[in-house]
Amino acid sequence: MGEAATNAPRVGLFVTCLVDFFRPEVGFATVNLLESAGCHVDVPEAQTCCGQPAYNSGDLDDTRAIARQVIETFSAYDYVVVPSGSCAGQLHKYPELFAEDDDWHRRARDLVGRTWELLSFLTDVLAIDPPETPARGCFTYHDSCSGLRQLGIHGQPRQLLAGSPDIELREMDDSTVCCGFGGTFCVKYPEISERMVDEKIRNITATGADTLLGGDLGCLMNIAGRLQRQGKPVAVRHAAEVLAGQLDTPPIGARETD
Amino acid sequence: MSTARSTVMARIREALGRTQPPSLAEARADLARRVPDAIPRPIWDEPQVERFVARLEASAATWARVNGRADIPGAVGDYLQDAAEELIGIAAHPLLTELAWPPAWSISHDMENAASWHTAIAVARAGIAETGSLVMGSGPASPTTLNFLPDRHIVVIAADEIVDYMEEIWERFRADGSMPRTINVITGPSRTADVEQTLQLGAHGPRSLHVLIVNSAS
Amino acid sequence: MAVRQADFRARAQAALQDDNLRDALDKAKGGFVDKRASAILDLPGFETLRERGRQIKDHTLAHLDTYLETFEQNVERNGGQVHYAADAEAAREAVLAICRDASARQVIKAKTMAGEEVGLNEALEHEFETVESDLGEYIIQLAEEPPSHIIAPAVHKTRAEITALFDRHHHQREGGPLRETPDLVDEARGVLRQKFLGADIGISGANFLIAETGSIALVTNEGNADLSTSLPRVHIAIAGIEKLVPGLEEASSMLRLLARSATGQQITAYTTFITGARREADPDGPEEFHLVLLDNGRSRMLGDEFREMLRCIRCGACMNHCPVYSAIGGHAYGWVYPGPMGAVLTPMFQGLDKSRDLPNACTLNGRCQSVCPVKIRLPMLIRRLRDHEFEQRLTPTGTRWALQAWAWLARRPRLYQLATRSAGTVLRTLGKGRARRVPLAGAWTAARDLPLPSAGGTFQQRWRAARTSRGEQA
C-alpha cells in the first residue's frame, strides 16, 4: 500500500458493523481500491453502526443518538465511503431525523454531501478505470435494494467488473428484486424471508454462474447462508473483493476446512 | 344526512386548517400553477385513422371502411353473413333508421326487446385514435344498454368524428352544455382474465366488436 | 368487513404451504409485472405523467372541501343524490336505506373496494339477494372468501377450484369434469345475465369522481359495471372522498396512469362516465342515482403525515411488485387492502393495534414506490408506522429490549469493539467447522447457515494492528 500524496482526498471509511464483524476482507478490499485510486484512507475508531436497526424499528431517539455520533466521528473527512448501499443510504437519511434541529440538520446535510457508497464513489466521483483483476469465471450480480433505489447504483458495479477480461457477467432474472434479507425482517418473518431468498436463488442458479456478487453484506450473507444450506455450489463475494483482486479468502459462508 | 355532511366537511376543514373553502377559481388557479400545459400522452407518426384502426385491432375489434352511409346495410350483411337468421337491434339514430335495411332481416328499435337481440348496431359520437376507442353518449339515439346486452356489437363511426385524444371529446360535450347520463368509452369487446389470468373475450358484454368507418366525403 | 388481525403469521404460514396459491401467485406476478412494463414503453413520458398524477391528487386533496361542494352541486343538478357517510356503519345504513326505500329484492354489485371496506355485502345479504357481477368477485362470493387482490380478487383460485365452485352452486353436484376457461366464463355469463336483468338495485364503486361535471368514472374490462349501473332502476355508487379529481382532463390523465399500472392496458375495454340519473328522453338507465361519499378515517389522514396515502388510485401495482405479497398472497394481510398499500391503509382504517404485523412484514425494498403511479412513498409511510408502534409500545418487549441494548452498545465505541471482538471468538468456537446450528440465532439458522466471522478478528482489530506495525516501521 503506497502512501497517497498530500493533496490526496481524505477518505473516512465507514466500515459497517457487518463487515467489521463478519467479513473484514471487504474492509481491506475497500481500502485497497481507495488507496489505488489515490485516496488517503482513515478508519476512525469511534465508529460502530449506522443506526439502521433502530431506525427501521421505529426507535428514533436511539437513531438520533447514533446519527450524532456518526456525524461527529466523520466530520473531518473530504469523503465518507461505505462498502454498503444500505448503510450509505442510512447516512443519507440523517437530515430527516433532525427536521426540528437546525444545527444538527445542517451538519447531517453536510455529511450527506460527502457520503458515498464505495462502487458509486469509484465510478461517479473518482471515475477510475475499471481495474483489470485476475478474477475469472461466470458471475452474476444481485442489486441490493437500498443502493439501487435510494442511491441509483446499478450500472456502476457492472462497469467496474467489465475491466476484467476473464469475468463473464450473466444477468439473472429479477436481479433488482429483494432477496428477503431486509435487516431484522429475516429473523422476524423467517418463513417469508426463506421463500423470497429461494426465489432469488432460483434466478441465480438459472444463470449457471459460479459466483454471485453484490454490494451489501447483509443480502450476501442471507443468500450465501441459504445456498450453503441447500448445498448449492455458488460462491458468494462482495464486489469489492473481486475488484481488489482479493480472492484468496474463502467465499462468504464457505465452510472452512480445519 | 345533512349532519353527516357537516361532520365530514368540518373534519376536512379542520384537517386543512381553515373554516371556509377557497373558491373554485382559486383552486383552478393553483392547479394551473402545478400542472404543466403539456399533457404526457402517447404520440404516433402514422395518419390518425391508421392509428385508430391499428389500436382497434390491438383491442381485438374488427373493422371495415364504407364509402357512404348507404353502404352500411351491405357492410353489416357482409359481417354477419347469416343476418336473416338473427335478431338485430338498431339504435334509433337518424343515420341508421333512415337506411334501407333488407326486408328479410328481423330488425327492432324497441329497447324492451334488447335482452333478446343477438346483434346491436349503434352510432359512435366520436372515436379516439390514441386508444382505438369508441365514444358513445347515451340518449334517445344511443341507449347505453344496447352497448352491452348483445353478443355482437356493430358500431358505425364517421371518419371525421375521430379525434386524437380523449381530452378532445370533453370539448364536444362541453359545447353541448351538459353531459349525457352515460358516456361509454369502448375499446374492444368485453373481456376477463379472472380465471387463472387467462384472457377470455365475452365476459358479460359483447363477445365481438365490429366497427364500420364511414368515409368523410359522404 | 372486520379485520381478521388475529394472526398474520399463521395466515402467512398457511399461505406459504398452499401449493395452489403458489402456482396462482407465480402466474399472476409475471403477468402483471411484464404487462405493465411493456405498457409503459408505449408512453415515453410516463415518468412525467406520474409526476402529473401526483400533482393532480395533491392539489385536489389540498382543495378537497372546494371540490366536494362543486361535485355535490353537479351531481344534484343532474338528478342525483349525495349521501355523506362519516364511517363504515353510516355507509352501510345509507345504502340499506336506499334499497329499502326502493322496495328492492335483488341487488347486483360491480366491484367496489369501498364497499368491501365497509362490509357492504354482509349487510345487504341479510335483506336482499345480493350478487357480485365481476367474475373474480363472483367466484370468491361463491367461495365465501374475501378478495385477495384489489384488481384480481380471485387471483388465488385455480381453474379446478372454480370448476368445483360452479358445480356446487350452478349444478348442485360434486366432481364434475374440469372445464376450460371459455366454458367457465360462459357459464358465469349465463347465470349472471339473469341476475342483471332481474336486479332492482345496481351498486358500483367509482374510480374517480369528477368535480367539474358531477360524474363518476368507472373502469372495467368485463362490462359488468355497465350492466349493473344501467339496467336496474336504482344505481348506488359508493366511493371514498379522496377519489375526487378537479375536471375531465385530469380524469383523462389519471386514467392513462391507472390502466397501465393496473393491468398493463392503454385503456380498459370499458371506461364509463356516469352523470346523475337517466334523462327524461333516455330510453334506458336508472331512475335514481345515489352517491355515498365515504370518510371512514380519510379526513383524519388528510390532516396528518399520512395524507399522501390518499393519492392512492387502487391500481394494485404495489402488490404486483411486492416480493412479500408474491410470497404470501393477499389473504394473509387480514383485511380488504393487501400488499404495501394495505400495510398502510389497514392500520389507518382499523387501528395499528389490530394490524401490528403489517408494517413490519416488509423489507422496505422500495419496489412498490418505484412503480406507484402517484409516487406514494410507501416504504417511508410503512416505516413511520413503526415509529408509532414504538411510541405506543406495541413493539414486542423482546425486540424492544434487544434493540435498546444494541443501541446502548452502539453509542459506546470502545465497549462496542470489545464486545464484537469477544462475540466473534465465541461465535467461531460455537460454530466451528459447521455453522449449521448456532444458538440464539434460531430464526436465521432455521433455513440458512450462519456465515461465521472470518478468522483473525474484527476489521477494526486487524486494521489497528496493521497500522501500528506500519507506524512502527516508518
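Everything numeric in this text was worked out from a predicted model, so none of it was measured. Below, each value reflects all heavy atoms present in this structure, side chains not excepted, and no hydrogens, waters or symmetry copies. Chain letters run A, B, ... following the sequence lines, proteins first, then strands; residues in each count from 1.
Residues B/Arg181 and C/His235 form a side-chain contact, since some pair of their non-hydrogen atoms from C-beta on lies under 4.5 Å apart. In this structure the side chain of C/Ile241 reaches within 4.5 angstrom of the side chain of B/Ile12, judged on heavy atoms. The side-chain heavy atoms of C/Thr275 and B/Ile183, taken from C-beta on, include no pair separated by under 4.5 Å. Side-chain atoms of B/Gln197 and C/Thr181, non-hydrogen and from C-beta on, never get closer than 4.5 Å to each other. Between B/Asp151 and C/Arg189 there is a side-chain heavy-atom pair separated by less than 4.5 Å.
Looking at B/Met111, the atoms closer than 4.5 Å to chain C (heavy atoms on both sides) all sit in the side chain, from C-beta outward. Residue C/Asp42 touches chain B through both its backbone and its side chain, counting heavy-atom pairs closer than 4.5 Å. For C/Ala277, the part sitting under 4.5 Å from any heavy atom of chain B is the backbone (N, CA, C, O) and nothing else. For chain B, the nearby parts of C/Leu248 are the backbone and the side chain; heavy atoms of each come within less than 4.5 Å. Looking at B/Ser133, the atoms closer than 4.5 Å to chain C (heavy atoms on both sides) all sit in the side chain, from C-beta outward. With a threshold of 4.5 angstrom between heavy atoms, C/Asp186 approaches chain B through side-chain atoms but not through N, CA, C or O. Heavy-atom distances place both the backbone and the side chain of B/Glu167 under 4.5 Å from chain C. Contact annotation for B/Pro206: both backbone and side-chain heavy atoms come within less than 4.5 Å of a heavy atom of chain C. For C/Leu184, the part sitting under 4.5 Å from any heavy atom of chain B is the side chain, from C-beta outward, and nothing else. Using a 4.5 Å cut-off between heavy atoms, C/Val219 does not touch chain B at all.
Under the ring-ring contact (aromatic ring centres under 6.0 Å, His included) criterion, C/His149 pairs with C/Phe32, C/Tyr325, sequence neighbours left out.
Ion pairing between B/Arg34 and C/Glu250 fails under the 4.0 Å rule for side-chain N and carboxylate O. Ion pairing of C/Glu249 with B/Arg28 is absent here, as no side-chain N (NZ or NE/NH1/NH2) approaches a carboxylate O to less than 4.0 Å.
Contact count versus chain C (heavy atoms, under 4.5 Å) is highest, among B/Val35, B/Asp30, B/Thr7, for B/Asp30. Counting heavy-atom pairs under 4.5 Å between each of B/Arg207, B/Arg33, B/Gln20 and chain C puts B/Arg207 at the top.
A donor-acceptor pair under 3.5 Å is absent between the side-chain atoms of C/Arg159 and the main chain of B/Glu196, judged by distance alone. Listed for the C/Glu222 side chain is no donor-acceptor partner under 3.5 Å among the backbone atoms of B/Ala203. Between the side chain of C/Thr271 and the main chain of B/Val185, no donor-acceptor pair closer than 3.5 Å is present. Looking only at distances, a side-chain donor or acceptor of C/Asp284 sits under 3.5 Å from a matching main-chain atom of B/Thr145.
Listed by sequence position, C/Glu212, C/Thr213, C/Ser215 are the residues of residues 210-218 of chain C in contact with chain B, using a 4.5 angstrom heavy-atom cutoff.
Taking the six-membered ring wherever Trp is involved, the centroid distance between the rings of C/Phe196 and B/Phe148 does not fall below 6.0 Å.
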(message) Between C/Asp226 and B/Asn184, does the side chain to side chain donor-acceptor pair (under 3.5 Å) criterion hold? Intermediate values first, please.
(response) CA-CA 9 Å; C/Asp226 295 285; B/Asn184 295 120; 3.2 Å; yes
